[in-house]
Amino acid sequence: RASRLAAAEAGAEEALGQPTARRRSSLQMMRDFFMQGFAASPVTKVKSNAELDDAVAGKGKKSLSKWGTYATVSWRADEAKDYHEHAKDVLSGGSWLDKTWLAAVPWLIPAAVGVLTAASGSLVEVASAYVSGLRFGLCPADFAAGKESCGDAWMSWSGMAAPAWQPYVGVVWYTAAGVAFAAASAALVWAFAPAARGSGIPEVKTILGGFVMGEVLELKTLLVKVVGLTLSVSSGMSLGKEGPLVHVACCWANALSRLSARYTDNEAKRRELISTAAAAGVAVAFGTPLGGVLFSYEEVSTMFPQKTMVRAFFAAVVAALTLGWIDPTGTGKLTMFDAHFEGMPALVEYPFFLLLGAMGGVLGALFVHCNIRISAARQEGTPFRRRVHIIVEVAIIAFVTALTSYPLEFTRGLSTVTIRSLFQTCAVAPEGIDMMGLCEDGKETIGWGLVASLVVAAALRFVQMTFTFGTGVPCGLFVPSLYTGACLGRCLGVGIIALNTAYPFVGSRAISPGVYAMVGAAAVLGGVCRVTISLVVIMFGLTGALQLIVPFMLAVLTSKFVGDAFGDGIYDACIILRGYPYLHEPHDVCFKARACDIMDDELECINAEPTTVGGLLSTLRTTKFGGFPLIRSQTDHSLLGYIHTEALKRHLEVTLKQSLFVCDNVPVVFRKYTKVRVPGAMDLSKFVDETVVRIVPETPLAQVHNIFRQLGLKLVLVARFGALAGMITKKSFVDHLQEGHIGHVAEDPAVL
C-alpha cells in the first residue's frame, strides 16, 4: 500500500528523470526531516498509579516461565480471524461451489476422523488379542490364527514341553512374553514420542482448555500410540485401551486439520475438531455414540457450543457405523460385554447399590491419592528416576504383574474377558462364554472360596493399576477400574444371595450377582474419574442393560459425592501434578479478591505516537509477549486497544520485503488515535483490536473466572477512568488459583 510520500516521489521520478541514487537520497532527506524528534522505540512502560485508589496495589509482572512453552488460545480473536480470512469473501461474493465447500469441510473432517479412529481401534483390538494369545501358546495349523479362531488345534506352551518341564514352561513364557511386550512399548515411547505415554486425556483436556501443547497431537505421537498401545495391552499389564483411543482420535483430528487452510493456523477452530474427535474416540472404545458426545461435553471440552455438539454426534455415529462394519470382535455387536439378566432389581436392593457407590467413591479416592503419590515420586528429576530408567521401571511392573496374575484364573487372561463373565447371570448366560467357576448347574456358585478369590483378584488389580497408570507406556484405567468394581460387586451379590437364603427379604425375585457386578464396576470407575451422566450412558451401552439406568445413576452419583469429599478425580489430579496450565471448573468456590489484587501492573505498552518501521519491528521481533496494550502517549495512558504481535510483525516484514519505497526509517502512525499528521507515514490503525475485553480494578474474581472459562479469552485489560491500570492473563490467573492465592473463601463480592 503506497503512502502519499511514496506516491509523490514516484511522480517526481517520472517528471524529472533523476538518477535513482539521487532520488532515494532526496526521499531519505525528507523522511529524516519529518522523523526528527520521533521516539526510537514505541514501547512505554506503564506502572499503575496507586494514588488513584488504594485498591490498585502494585503486584508487578508475574513470571510464568514454567509455562513458556504453552501458548494461550483466544476463541474471540480466532473466530474473528476465521471470518475475515475465510468466510467473509466466500459468503459475500463466492460461487455456490465455494459456499458449499465452506459448509462441508466442518462435516467432512469429523466424518474422516470417525472412520480412521474406528480403523485404529479395530487394529488395536485384533492385534492385541492375537499378540496377547502368544503369551499362552500358538496355533500350529495357522500361525496367524488366534486362540478363539484356532479352536481345538490350539497348543499351549506348557503342552509342547516335556512332561517334567510343563509346570514351569507356562509361567516362564507367560512372564517373559509380557515383560518383552511391555519393554518394547516403553522403548518406543521413550525413543520416539514421550507424549504418547499414559492415557492422554489430561493433555487433551489442557489443549481443549485453551492451551497449545507441542507434540501431544503430532503424527509421530499417533503412530507410537497405536503400536505401543497394542504391545502394552498384550503384555497383560493392568491397563486399558479406551482412554488412549480418545487421544488417538484427537491426533487424527489434528492431522486432518492440516488439510484445510481454515484450520491450519486457527487454534480455536482446530479445537472444535478435537472436541468432536474425543466423542468419536469414546464411541469406538465403548460402542456408545451418545456416551461419546456426553463424555466430550462433561469431561474434556471447555468450549462446547451446539454446533460442536452436533458435529461430535455425527463423528461418533460415523465411528460406530464403521466399527460395526469392520466388526473386529466377530460378534456383530457394538456392545463390549452384552450382559444378560432376568427382570428388574427389587426395591429393597437399592440400598445395596448405594453401598456399592460409597465403596466405589472411597476406592476411587484411595486410588487417586496413591497413584499421584507414586507418580510424583517417579517424575523426571526425582531420585528414583535418576536411579531407575523408565524402560526398566515398566519391565519391573510387567514382571511383578505377570507373576502375581498367573496363579489366579480371574487375573491370568485379558481383563475384558473376565469382566464379561462377571457381568453375566448364570440362568441366562450365553453359550460360549467361560464363566470361570462363577456358575454351577446354571446357578450362581455360592461359597467363601469364590468370594475370597474375587476379593484377591480385585485387590491385585487395584494395586497393579495404581502402579501402572502413568508409567512409560500408553495406558488407560477404564478397564482396570471396571474390573475391580465388577469383582467387588459380584462378591456383594453372592453375599446378598446367601443372606436372602437365610433371611428372605427379596421375595420371589431372583437376585443376580451380575447386576451387582455391573453396578460395582460403574461405581469404582465413577469414583476414579468423577464422571456422571456420560458414565451412565456408557455403562448401559457397554452392557445393553437399559433397565439398570436407575441403579447406575444411584451408584455413580454416590461415588462422585463420596470421592469429591476426599479430593479431585484422577484426570484433574494429573493435570495439577504435571503442572499443566488448566483452568478448572469452579466448584461452588467464592472469591474474596478483586482484579486489582492479582493483576500485573508493570506493563510494556505501545503508544500511539509516531515511530519508525525499524523501531517498531525491532520491538516486535525481540519481545516475548504475544501482544501489547496501545495507549495514547508516554504521558497519557488512556487505553485505546490491543495489538497482536504476530499479525503486525508479519505485515511489516512482508511490506519491507515487497515494497521498494518502504525501509526501516519510514514513519508509522496509528492515525485513528493521534492528531499528529506525518506526511507519507504508514497507517497501522487496522491492527488495533478495540474489542479487547476491559474490566475495572474492583471486578470480583468470580466474574473474571467466568470470563476466562466461558468466553475463551487469553487476557483481559484492567482500566480505571479510561486509563490502563493493569492486565490479567489466563496463565497468571490459573497460576494464582493453583498457588492458592485466590479462591476457597467465604464471601464473594459479586453476590453481596
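All residue numbers refer to positions in the sequence shown, counting from 1.
Considering only heavy atoms from C-beta on, R578 stays 4.5 Å or farther from T206 through its side chain. Counting heavy atoms from C-beta on, the side chains of R671 and R677 come closer than 4.5 Å. In this structure, V692 and L715 have side chains that are in contact, with non-hydrogen atoms separated by less than 4.5 Å. Looking at M682 and L652, their side chains come closer than 4.5 Å, going by heavy atoms from C-beta outward. At a threshold of 4.5 Å between non-hydrogen side-chain atoms, the residues V704 and I695 count as touching. With a 4.5 Å cut-off on side-chain heavy atoms, L256 and L116 count as touching. Counting heavy atoms from C-beta on, the side chains of L737 and L583 come closer than 4.5 Å. With contacts defined as side-chain heavy-atom distances shorter than 4.5 Å, the pair V212/V73 qualifies.
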- Message: The test is side chain to side chain contact (heavy atoms under 4.5 Å, CB included); show your working for S618 and R621 and say whether it passes.
- Response: CA-CA 5 Å; S618 175; R621 284 172 172 169; 5.9 Å; no

- Just do the side chain to side chain contact (heavy atoms under 4.5 Å, CB included) check on F670 and I643 with the steps written out, would you? CA-CA 11 Å; F670 298 92; I643 296 174; 3.5 Å; yes

- Task: Please test D735 against S732 for side chain to side chain donor-acceptor pair (under 3.5 Å), starting from the C-alpha separation and ending with a verdict.
- Result: CA-CA 5 Å; D735 186 64; S732 66; over 6 Å; no

- Task: Could you please spell out the steps behind the side chain to side chain contact (heavy atoms under 4.5 Å, CB included) verdict for V718 and V696?
- Result: CA-CA 5 Å; V718 183; V696 296; 6.0 Å; no

- S275/T308 under side chain to side chain donor-acceptor pair (under 3.5 Å): CA gap, chis, key distance, verdict: CA-CA 7 Å; S275 289; T308 303; over 6 Å; no

- Item | Derivation and outcome, salt bridge (charged side-chain N to carboxylate O under 4.0 Å, His left out), residues K269 and E272 | CA-CA 5 Å; K269 297 296 292 183; E272 293 179 5; 3.4 Å; yes

- Task: Give the intermediate values and the outcome of side chain to side chain donor-acceptor pair (under 3.5 Å) for residues E203 and Y580.
- Result: CA-CA 8 Å; E203 288 76 17; Y580 298 153; 2.7 Å; yes

- Item | Full working for side chain to side chain contact (heavy atoms under 4.5 Å, CB included) between L219 and L222 | CA-CA 5 Å; L219 187 60; L222 169 64; 3.9 Å; yes

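For H651 and F687, the ring centers sit closer than 6.0 Å to each other.
Here the CD1 atom belonging to I606 is positioned 12.0 Å from the CG atom belonging to L640, to the nearest 0.5 angstrom. Atom OG of S638 sits about 12.5 Å away from atom CZ of F721, to the nearest 0.5 Å. The CG atom of N706 sits 8.5 Å away from atom CG of L711, with the distance rounded to the nearest 0.5 Å. Atoms OG1 and NZ, on T302 and K205 in that order, are 8.0 Å from each other to the nearest 0.5 Å. Rounding to the nearest 0.5 Å gives a distance of 10.0 Å between NZ of K657 and CD of E653. Considering OG1 of T619 and CZ of F628, their distance stands at 6.5 Å, rounded to 0.5 Å.
Under a 4.0 Å N-O distance rule, the pair E267/R271 qualifies as a salt bridge. The existence of a salt bridge linking E215 and K220 is confirmed by a sub-4.0 Å separation between a basic side-chain nitrogen and an acidic carboxylate oxygen. Here D689 pairs with R76 in a salt bridge; the nearest charged N to carboxylate O distance falls below 4.0 Å. Between K225 and E218 no salt bridge is recorded (no basic side-chain N to carboxylate O distance below 4.0 Å). Between D78 and K81 there is no salt bridge, since no side-chain nitrogen of the basic residue lies less than 4.0 Å from a carboxylate oxygen of the acidic one. Using a cut-off of 4.0 Å between Lys/Arg side-chain N and Asp/Glu carboxylate O, R262 and E85 are scored as not salt-bridged.
Nearest heavy atoms, V189 versus P474: CG2-CD, 3.6 Å. The two atoms that bring P110 and A315 nearest to each other are O-CB, 3.5 Å, heavy atoms only. Across every non-hydrogen atom of L273 and A253, the tightest pair is O-CB, 3.8 Å. The shortest heavy-atom contact between P629 and L717 is CG-CD2, 4.1 Å. In terms of heavy-atom proximity, A111 sits nearest to V318 at O-CG1, 3.5 Å. Listed here is the closest heavy atom pair of I575 and Y582: CG2-CB, 3.5 Å.
In this structure a side-chain-to-backbone donor-acceptor pair under 3.5 Å is missing from T221 to A196. The backbone N or O of L639 sits less than 3.5 Å from a side-chain atom of R694, completing a donor-acceptor pair. A donor-acceptor contact shorter than 3.5 Å is absent between the side chain of T611 and the backbone of L616. In this structure a side-chain-to-backbone donor-acceptor pair under 3.5 Å is present from H247 to V216. Listed for the S633 side chain is a donor-acceptor partner under 3.5 Å among the backbone atoms of D636. One N or O on the side chain of T117 and one on the backbone of V113 form a donor-acceptor pair closer than 3.5 Å. No donor-acceptor pair closer than 3.5 Å links the side chain of R270 to the backbone N or O of S257. For D664 (side chain) and V613 (main-chain N/O), no donor-acceptor pair under 3.5 Å exists by modelled atom type. Counting only distance, with no hydrogens or angles, the side chain of K649 and the backbone of L620 share no donor-acceptor pair below 3.5 Å. In terms of modelled atom types and a separation under 3.5 Å, the side chain of T276 and the main chain of R311 share no donor-acceptor contact.
With F211 as the aromatic partner, K714 does not meet the cation-pi criteria of under 6.0 angstrom to the ring centre and within 45 degrees of the ring axis.
Taking the six-membered ring where tryptophan is involved, the planes of F733 and H705 are perpendicular, since the angle between them exceeds 60° and thus also 30°.
Heavy-atom contacts from other residues, nucleotides or ligands closer than 6.0 Å to OH of Y673 number more than 12. The environment of CH2 in W190 is sparse: at most 12 heavy-atom neighbours from other residues, nucleotides or ligands sit within 6.0 Å. The neighbour count for W107 CH2, taken as heavy atoms of other residues, nucleotides or ligands under 6.0 Å away, is above 12.
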